[in-house]
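Because the structure is predicted, anything quoted here is derived from the model rather than measured. Note on naming: letters A, B, ... go to the chains in the order of the sequence lines (proteins, then strands), and numbering restarts at 1 for each one.
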Amino acid sequence: MTSRVRFAPSPTGFLHVGSARTALFNWLHARSVGGTFVLRIEDTDAERNRSDLTDSLLAELEWLGLDWDEGPYFQSERRDRHREVVEDLLGSGQAYLCDAENREVDGSTMVDGLAVRFRMPAGATMAFDDIVRGEVSFATDDLEDFVIWRSNGSPMFLLANAVDDADMGITQAIRGEDLLSGVPKVLLLLDAMGAPRPTYAHLPLLVNEQRKKLSKRRDDVSIGDYRERGYLPEAMVNYLALLGWGPPDEVEIRPLDEIVDLFRIQDVNKAAAFFDLKKLEHVNATHLRALARDDFIDRVAPWVGDDAPWPPERFDAGLFSVMVDLAQEKLRTLGDVTRFVDFLFLEDPVDDPESWEKAMVKAPLATEMLDGAAAVLADCAWDTASVLAAVAEVGESLGLKLGKAQAPVRVAVTGRTVGPPLFETMAECMERAEVLRRIARARARL
RNA sequence: GCCCCCAUCGUCCAGCGGCCUAGGACGCCUGCCUUUCACGCAGGUAACACGGGUUCGAAUCCCGUUGGGGGUACCA
């Protein structure tokens, strides 16, 4: 039998990294076994049934490259079918009507204003074989009757979920561990409907440093936010694949198609995984460096465009292209590009307080260094070698090695201790007068 | 409270009874390179939660303890 999996998010207006990981694992499984990846939007809730909430969800999935074969189906459009199943359950006595105080009300047909509750059988054990967790079982005696149809005339999640999985022929339900305890109820529903059970695979949760499930209140969980900060989709998806799974050859950073070849759902492990931003940055930086030069230029374009922190008219594509290779080598995210080159396009460099403290306040001889540099740079030849020699000479006369000597000049000119090679940048990208002006400006602040 | 799940370096992953004096990656530290940072290279730091079994032999199997997490809605 060919495998059919689904990603069934509830639309909240954005794609959560935990959801993205679930979508990815479903997609990986489908692609690796040649199955079908179905997308279904679980919007039984009236508040969630809004197209603007699903649009961004779909856009982020596309950005990640997780294409679906069927759907999106909308649960809200299947209400009649859900109602039909509830009617059947009510008719067969497996469910009953109940009022707002949870009191059972006689009747075997649905009544407006009354909810429908599923009758929990006594003394039964609901057991199933989870692909990642193995045998899991629940005693029905620990469970209570549960609402499957709201008094406002809408189906509850568990009911809609069970009916849709059955109707859509889902063979594997791959999802987060937070849904594990809902399984016995879904199984009961499926059994009552006479529908086959899918096999389940409950993925370990993604947690924060407190080892709590990632939450949108506390944690940075929006895929869109990562996209906006300049993470590449291939890096995002690569990193996510590493949470709960690892390639057999221990090569962690690699293209998605290789992961598809290596991925096996039964290899997923059970323990919760910490979403480690440091590692994500490393994965991203590695993918960034691997990009072809032109591709890199295309990808950073949005960050140096209209939203950049400098006046658009001051941007100089020619100057920027001189910096491109250096930037690609050093950036961890695309968004870091502005900090790397902003001094070229801003009237005055941003004055990074930490850099100022380190290179100007705490460093000895900073004023002497600036004065000396101002003097020699005023009339040396304006090329890299000459500029370097000039600054080095001033440093030597003060007993400073080049590394120390260039620091105050770097901060005066670029605003930061970190940046591109200084002398090349000054000689090739900046006017002598501007360099001198910035040194004087810094000197005045000391 | 009750139910369920989980437990190898700080973190992620490998290990599925002997190859383990436990491997890789991120992080951190040291050195080299060096015009800062980064990259690269060479090293280093650091873990099988605890207690019982089973077995000739356990990180690997079983039980318990402890710790952590999830669930427990007319949310999904």
Between A:Glu329 and A:Gly244, whichever has its closest RNA chain B nucleotide further toward 5' is A:Gly244
Could you tell me whether A:Phe138 contacts a base, only the sugar-phosphate backbone, or nothing, with contacts defined as non-hydrogen atoms closer than 4.0 Å?
sugar-phosphate
Output the rounded distance in Å from CD (A:Gln266) to P (B:C16).
16 Å
Produce the list of close N/O pairs, under 3.5 Å, pairing protein atoms with atoms of nucleotides 26-35 of chain B; give distances to one decimal.
residue: B:C26; atom: OP1; partner: A:His282; partner atom: NE2; Å: 3.2
residue: B:U35; atom: O2; partner: A:Leu422; partner atom: N; Å: 3.1
residue: B:U35; atom: N3; partner: A:Glu424; partner atom: OE1; Å: 3.0
residue: B:U35; atom: O4; partner: A:Glu424; partner atom: OE1; Å: 2.6
residue: B:U35; atom: O4; partner: A:Glu424; partner atom: OE2; Å: 2.6

Decide whether A:Asn102 and A:Arg117 meet the rule of one side-chain donor and one side-chain acceptor closer than 3.5 Å.
yes
On a whole-Å scale, what distance lies between the P atoms belonging to B:G68 and B:C61?
24 Å
Minimum heavy-atom separation for A:Phe423 and A:Gln406, please, with both atom names.
CZ-CB, 3.8 Å
Does a donor on one side chain and an acceptor on the other come within less than 3.5 Å for A:Asn284 and A:Thr333?
no
Looking only at atom C1', what distance separates B:C9 and B:G27, rounded to whole Å?
11 Å
In whole Å, measure the gap between the C1' atoms of B:G71 and B:U65 for me.
23 Å
Has the side chain of A:Lys330 got a donor or acceptor atom sitting under 3.5 Å from an opposite partner on the base of B:C39?
no
What's the gap between B:G51 and B:A59 when it is taken at their P atoms, as a whole Å value?
13 Å
Check: protein-nucleotides 72-74 of chain B nitrogen or oxygen pairs below 3.5 Å:
residue: B:C74; atom: OP2; partner: A:Arg117; partner atom: NH2; Å: 3.2
residue: B:C74; atom: O2; partner: A:Ser151; partner atom: N; Å: 2.9
residue: B:C74; atom: O2; partner: A:Ser151; partner atom: OG; Å: 2.8
residue: B:C74; atom: N3; partner: A:Ser151; partner atom: OG; Å: 3.0
residue: B:C74; atom: N4; partner: A:Asp99; partner atom: O; Å: 3.0
residue: B:C74; atom: N4; partner: A:Ala100; partner atom: N; Å: 3.3

Is A:Lys213 near enough to B:G71 that one of its side-chain N or O atoms lies under 4.0 angstrom from OP1 or OP2?
yes
Verify the contact: side-chain N or O of A:Arg133 to OP1 or OP2 of B:G70, cut-off strictly under 4.0 Å; return yes or no.
no
Looking at A:Arg119 and A:Glu104, does any basic side-chain N land under 4.0 Å from a carboxylate oxygen?
yes
How about CZ on A:Arg339, more than 12 heavy atoms from neighbouring residues, nucleotides or ligands closer than 6.0 Å, or not?
no
Report yes if at least one side-chain N or O of A:Asn269 is closer than 4.0 Å to OP1 or OP2 of B:G15; otherwise report no.
no
Using a cut-off of 6.0 Å, state whether more than 12 heavy atoms not belonging to A:Gln266 lie near its atom CD.
yes
Near A:Glu135 CD, under 6.0 Å, is it more than 12 heavy atoms from other residues, nucleotides or ligands?
yes
Specify the separation, in whole Å, of atom CG of A:Leu203 and atom C1' of B:C12.
16 Å
Nearest-angstrom distance from the residue atom CD of A:Glu281 to C1' of B:C12:
15 Å
May I ask you to decide whether A:Glu234 forms a salt bridge with A:Arg299, counting only side-chain N to carboxylate O separations under 4.0 Å?
yes
In whole angstroms, how far is the P atom of B:U11 from the CG atom of A:Leu206?
15 Å
Please report, rounded to the nearest Å, how far the P atom of B:C5 is from the CD1 atom of A:Ile131.
17 Å
For a quick check of understanding: with a heavy-atom distance under 4.0 Å over all strands, which category does A:Leu158 fall into, base, sugar-phosphate or nothing?
nothing
Given atom CZ of A:Arg175 and atom P of B:A76, what is their separation to the nearest angstrom?
14 Å
Taking B:U21 as the reference, what is the distance to B:C3 when you measure between their P atoms (whole Å, please)?
41 Å
Within this structure, what is the CG-to-C1' distance between A:Leu288 and B:C39, rounded to whole angstrom?
13 Å
Ranking A:Pro204 and A:Glu135 by the position along RNA chain B of their nearest nucleotide, the one closer to 5' is A:Glu135
When you measure from the side-chain N and O atoms of A:Thr414 to the phosphate of B:U36, is any distance below 4.0 Å, counting only OP1 and OP2?
no
Establish whether the base of B:G71 is bridged to the side chain of A:Glu177 by a donor-acceptor pair shorter than 3.5 Å.
no
Is the CD atom of A:Glu258 crowded by more than 12 outside heavy atoms at less than 6.0 Å?
yes
Between the side chains of A:Asp164 and A:His82, is a donor N or O closer than 3.5 angstrom to an acceptor N or O?
yes
Within residues 367-376 of chain A or reaching into it, pairs that qualify as side chain to side chain donor-acceptor pair (under 3.5 Å) - sequence neighbours excluded
A:Asp371-A:Arg443
Is the shortest side-chain N/O distance from A:Asn161 to OP1 or OP2 of B:A76 below 4.0 Å?
no
Rounded to the Å, how far apart are A:His202 NE2 and B:C3 P?
20 Å
